[in-house]
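These figures come from a predicted structure and were not determined experimentally. Numbering of ligands and ligand atoms starts at 1, following listing order.
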Amino acid sequence: MAKSRFEYVREFESHDVLLPQCYIVVRIDGKKFHEFSKYYEFAKPNDDRALKLMNAAAKNVVLQYRNDVILAYGESDEYSFILKSDTSLFNRRRDKISSLFVSLFTSNYVTLWPKFFVGVELHPKHLPFFDSRCVQYPNLKAIKDYLSWRFVDTHINNLYNTAFWKLIQVCGMNPREAENRLSGTYSSGKQEILFKDCGINYNNEPEMYKKGSLITRKGEILHIDVIKMIDDLFVGF
Ligand code: ATP
Ligand code: ATP
Ligand code: MG
Ligand code: MG
Ligand code: MG
Ligand code: MG
């Protein structure tokens, strides 16, 4: 195509290229999902439909970029896609990677919504959208620690949320009372409160809630102890 005299404006575009040899994490997170989950009446603390929808959308992203992705890990309204350190996807351009992953995820989320939220229509004023960032990790230890960090976060959040909501749903407390009951407690204390006050053994809660969801390059969705498996998960990478 012939160049116009306006063409020079292109030179103002800058491309942030991610460092070579670094693992890349694309982490996406639902925008205001606290409100979104209220509007669509998600079951608390964990709505199965919503978690499975997140997994299905993420699985399609993994499969589309299976040559570049090592694995993906998700909990709540977030997903992390871990890319190979030597990936040349989009010439490692940050904007391209971040924006294409999150828009592919979002279009899958919206398209798959009716399959998981049967009979629930998305309202134009309450549409799901996600933020996205690329983070670079310089070595295998750092990327394993990243995944472990998200896994521990899942555990801490889920234990708190489970105890909080069961105190409300089973013991009839109001949110303030539940918060007070849990304040200053450690993990073991929360598990004890759950057991003694609510008759719930945390160990028997669904694995997907406790452990989050891990998606392999083949598209398998696993709910496993990431920390125990961490070395196996990165064999060959
Ligand atoms: P931000 O826009 O800053 O991310 P947010 O409201 O999305 O704000 P998060 O810290 O991302 O805040 O938390 C997501 C919230 O979405 C959770 O606290 C929870 O209330 C809700 N949520 C997400 N997934 C589920 C689910 N499967 N079941 C029930 N609630 C969920
Ligand atoms: P890339 O992924 O690099 O952007 P691309 O195939 O999207 O590749 P573009 O330069 O963005 O390439 O061009 C978009 C192409 O999409 C156009 O060349 C045209 O073929 C097609 N297209 C987009 N909008 C329309 C439209 N409204 N009607 C017909 N064709 C369209
Ligand atoms: Mg957030
Ligand atoms: Mg969020
Ligand atoms: Mg979140
Ligand atoms: Mg295009």
How about [X]: does one of its N, O or S atoms come closer than 2.8 Å to the Mg ion (ligand 4)?
| X | result |
| --- | --- |
| Asp131 | no |
| Phe130 | no |
| Glu78 | no |

N/O donor to acceptor pairs below 3.5 angstrom from side-chain atoms of residues 138-148, sequence neighbours left out:
| residue | atom | partner | partner atom | Å |
| --- | --- | --- | --- | --- |
| Asn139 | OD1 | Lys141 | N | 3.3 |
| Asn139 | OD1 | Ala142 | N | 2.8 |
| Lys141 | NZ | Asp145 | OD2 | 2.7 |
| Lys144 | NZ | Asp231 | OD1 | 2.8 |
| Tyr146 | OH | Arg27 | NH1 | 3.1 |
| Tyr146 | OH | Ser80 | OG | 2.6 |
| Ser148 | OG | Lys144 | O | 2.9 |

Report task. State which residues pass salt bridge (charged side-chain N to carboxylate O under 4.0 Å, His left out) with Asp197; sequence neighbours excluded, sorted by chain then number. Result -> Arg181
Query raised in the report: Under 6.0 Å between ring centres, would you say that holds for Phe101 and Phe105?
Result: no
Query raised in the report: Given the side-chain rings of Tyr79 and Phe130, with only the six-membered ring counted for Trp, is the space between their centroids under 6.0 Å?
Result: no
Query raised in the report: Do Arg93 and Asp95 sit within salt-bridge range, that is, some charged N less than 4.0 Å from a carboxylate O?
Result: no
Query raised in the report: Any salt bridge between Arg10 and Glu7, counting N to O under 4.0 Å?
Result: no
Report task. Just jot down the side chain to side chain contact (heavy atoms under 4.5 Å, CB included) partners of Asn157, sequence neighbours excluded, or say none. Result -> Glu75, Asp153, Asn161
Query raised in the report: Is there an N/O/S atom in Asp77 that lies less than 2.8 Å from the Mg ion (ligand 5)?
Result: yes
Query - Heteroatom of Asp29 nearest to the Mg ion (ligand 4) (N, O or S, atom name) - result: OD1
Query raised in the report: Shortest non-hydrogen contact from Ser213 to Asn55?
Result: OG-ND2, 3.1 Å
**Report entry** Residue shell around ligand 2, heavy atom under 4.0 angstrom
**Finding:** none
